[in-house]
Every structure is written in structure tokens, then in C-alpha cells.
Protein chains: 2
Amino acid sequence: MELNPKKTAVIFKAFCDENRIKILQLLLDGEKCACRLLEAMNITQPTLSHHMKTLLDSGIVNGRKEGKWMYYSISAEGVEYARQCFNALTAVSGTNENQSCCKK
Amino acid sequence: MELNPKKTAVIFKAFCDENRIKILQLLLDGEKCACRLLEAMNITQPTLSHHMKTLLDSGIVNGRKEGKWMYYSISAEGVEYARQCFNALTAVSGTNENQSCCKK
DNA sequence: AAAACATATTGACAAACCTCTATATGTGGT
DNA sequence: ACCACATATAGAGGTTTGTCAATATGTTTT
């Protein structure tokens with residue numbers, strides 16, 4: 001998998017903030033309304049909205065509007081894509097280990 | 001797996017910057033000396049040093065000093081721990097999908 | 001039409017982050 | 001001891017990020 005560094009950085013921003021991690025944990029047992037997330041977190045409504053935008057941009061979270069309410073859930077497709085990026089960045093080949101410096 | 005939000009955020013910082021992602025890509029085929037990384041990247045030596053510190057802090061990368069040289073490699077243990085964090089944050093239960101808002 | 005409610009946007013501020021230059025530290029060779 | 005080299009640290013400047021209060025947008029109910 002050839003991967004776009006800029007795009008990959010955006011994806012993993014989802015996991016780089018304490019509050020977003022808590023939000024993801026809240027979404028583990030299924031879709032939740034923004035108001036539910038808000039009452040479970042210790043942040044203001046605009047701050048939640050800001051984090052949800054970051055999570056949507058990462059592709060890890062899906063949003064669905066229904067009337068007044070906004071429902072958020074973890075995106076299986078987004079997670080799968082992020083997993084592939086993760087693998088592409090961490091799957092060491094096993095060959096060429098312990099190289100010595102060229103200038104030795 | 002119960003996970004520490006603050007610690008998890010630090011781990012995934014490794015993947016949140018374009019240059020760090022390029023560094024990880026360079027490490028995919030095995031351990032490399034800092035001077036090798038430096039010549040492959042378009043940044044100054046102190047900037048590389050800064051990113052390497054972030055990568056070490058994340059646990060994704062291992063450092064090994066040998067004489068004047070510093071060798072970096074992807075840490076299998078760090079990657080495995082990160083993978084567990086990723087799974088803990090994205091493994092949806094499948095139950096309780098499409099909840100409706102309490103205030104409907 | 002107006003009021004009530006849920007969410008998003010704007011603007012401001014502080015903290016964190018990325019980058020650089022300059023300098024310090026530590027190691028090896030002469 | 002000195003110099004050359006590899007890397008780290010300090011400090012500064014600019015950008016991004018996280019947070020909030022205030023306000024705007026859009027929806028439902030009365």
C-alpha cells in the first residue's frame with residue numbers, strides 16, 4: 001500500500017487528543033447523539049462540535065443528521081482504512097536489520 | 001483492554017505529522033542511522049532530532065546509541081501496544097446500533 | 001409567527017507544536 | 001590535547017490546536 005503522508009496525518013489526529021479518545025470510547029457501544037456525548041464529557045458544546053469535526057475529517061467517525069439531532073458512530077470503513085495505514089507504517093520487513101552507519 | 005487516554009494520545013502523535021510518517025516509512029526496511037534519515041529528509045538536524053524524540057516517546061521507535069551514531073528502528077513491542085490501543089478504540093460491539101436520542 | 005432546542009460557526013486567547021539558528025555535549029581520530 | 005564529527009538542547013518565531021463565550025443556523029413545537 002502506497003500511502004499519502006498528509007492524508008495519513010489527518011486520519012491519526014483522531015487518536016491524538018485525550019477528549020477525542022474519550023469520545024471514541026463512548027461510541028464503542030454504538031451510535032450516539034451529540035447531546036449524549038456532551039453530557040458525558042466535561043467540555044462545552046462548541047468544543048464538542050470542534051472535536052466531532054476533526055473526527056469526521058479523519059474518517060474514523062460517521063455523522064448522520066436526523067431532525068435537530070446529530071448522530072455519530074464509528075465508521076467501519078474509516079477504521080479499516082486507518083488500519084491499513086497503520087499496517088503500512090509498522091509492518092517491518094525483517095530484512096536489513098541492524099545496519100551499520102555508512103560513515104563508520 | 002482499559003486504556004489511558006493521555007498515554008494513548010502520546011502514542012498516536014507518531015502518526016500525526018507528515019515528516020514523522022516519512023521517517024517511519026524510511027525505517028520500514030530496518031534500522032537506520034540518524035545521519036541516513038537526515039539525508040533522506042528535507043529538514044535540519046535539530047528538527048530531525050525533535051521528531052525522533054517524539055517517536056521515541058510514542059514507543060513506536062527504538063533508539064540505540066553506538067559510538068557517535070544513533071540508530072533508530074521500529075519497535076515491535078511499541079507497534080503491538082499501539083495496535084491494541086487502536087483495536088480498543090475501534091472495535092465496535094455491534095449491539096446498540098442506531099440509538100435514538102433520549103430527548104426525541 | 002414565535003419560542004425552544006440542538007448544533008455549527010465566529011472570534012479571541014492560551015498552549016502546544018514545528019521549524020530554524022546557535023550552541024552544547026559527547027565520541028573518535030590525530 | 002586538539003580537532004572533526006554526530007547528535008542533543010536552548011531559544012525564538014510562526015503556525016496550528018484546544019478551549020471558551022457569543023452568536024448564527026436550522027428544526028420542531030406551540
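Each chain gets a letter, A, B and so on, in the order its sequence line appears, and its residues count up from 1.
For the segment residues 50-60 of chain B, the set of residues with a heavy atom within less than 4.0 Å of an atom of DNA chain C comprises B/His50, B/His51, in numerical order. Scanning residues 9-19 of chain B for heavy-atom distances under 4.0 Å to DNA chain C yields B/Lys13, B/Asp17, B/Asn19.
In this structure, B/Leu38 atom CG and D/dA8 atom P are separated by 11 Å, rounded to whole Å. We find that CG of B/Leu48 is positioned 14 Å from C1' of C/dC20, with the value rounded to whole Å. Residue B/Leu37 contributes atom CG, which lies 15 Å from atom C1' of D/dA8 at whole-angstrom precision. Spacing between atom NZ of B/Lys32 and atom P of D/dT7 amounts to 14 Å, rounded to whole angstrom units. Look at CD1 on B/Ile21: it is 14 Å from C1' on C/dC18, rounded to the nearest Å. Whole-Å rounding puts the A/Ile43 CD1 to D/dG18 C1' distance at 10 Å. B/Arg64 has its CZ atom 12 Å from the P atom of D/dT7, to the nearest Å.
Taken from CG in A/Asp17 to NZ in A/Lys22, the straight-line distance is 9.0 Å, to the nearest 0.5 Å. Atoms CD and NE2, from A/Glu18 and A/His51 in turn, are 10.0 Å apart once rounded to the nearest 0.5 Å. Note that the CD1 atom of A/Ile60 and the OG1 atom of A/Thr54 stand 12.5 Å from one another [nearest 0.5 Å]. Put simply, CZ on A/Arg20 and CE on A/Met41 are 10.5 Å apart, with the number rounded to the nearest 0.5 Å. Note that CG of A/Leu38 is 9.5 Å distant from SG of A/Cys33, once rounded to the nearest 0.5 Å.
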Just list the side-chain donor-acceptor pairs under 3.5 Å for residues 5-14 of chain B, sequence neighbours left out, or say none.
from   : atom 1 : to     : atom 2 : distance (Å)
B/Thr8 : OG1    : B/Asn4 : O      : 2.7

Using a 3.5 Å cut-off and no angle test, enumerate the donor-acceptor pairs between side-chain atoms of residues 78-90 of chain B and protein atoms at least two apart in sequence or in another chain.
from    : atom 1 : to      : atom 2 : distance (Å)
B/Glu80 : OE2    : B/Gln84 : NE2    : 3.3
B/Arg83 : NH1    : A/Asn87 : OD1    : 3.0
B/Asn87 : OD1    : A/Arg83 : NH1    : 3.0
B/Asn87 : ND2    : B/Arg83 : O      : 3.4
B/Thr90 : OG1    : B/Phe86 : O      : 2.7

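With axes fitted over five pairs at each extremity, the angle between the ends of the helix from C/dA1-D/dT30 to C/dT30-D/dA1 is 20° (10° resolution).
Although no hydrogens or angles enter the test, the distance criterion places a donor-acceptor pair under 3.5 Å between the side chain of B/Lys32 and the main chain of B/Leu26. Of the possible polar contacts, one joining the B/Ser58 side chain to the B/Leu55 backbone as a donor-acceptor pair under 3.5 Å is found.
Annotation: side chain of B/Leu27 is in contact with side chain of B/Leu37 (closest heavy-atom distance under 4.5 Å). At least one side-chain heavy atom of A/Gln45 sits under 4.5 Å from a side-chain heavy atom of A/Ser49.
Checking the phosphate oxygens (OP1, OP2) of D/dT7, no side-chain nitrogen or oxygen of B/Ser49 falls inside 4.0 Å. Put simply, B/Thr47 has a side-chain N or O that comes within less than 4.0 Å of OP1 or OP2 on C/dC20.
Salt-bridge annotation for B/Glu66 and B/Arg64: present, with a side-chain N of the basic residue lying under 4.0 Å from a carboxylate O of the acidic one.
Closest approach of B/Ser75 and B/Asn62 over heavy atoms only: CB-ND2, 3.5 Å.
The side chain to side chain contact (heavy atoms under 4.5 Å, CB included) test with A/Tyr72 is passed by exactly one of A/Ile23, A/Leu48, A/Leu56: A/Leu56.
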Annotated protein contacts, base or backbone, on nucleotides 22-30 of chain C with a non-hydrogen cut-off under 4.0 Å, one of B, S, - each: B---SBS--
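Distances were taken from every side-chain heavy atom of B/Met70 (C-beta onward) to each of C/dT21, D/dT7, C/dC18; the shortest belongs to D/dT7.
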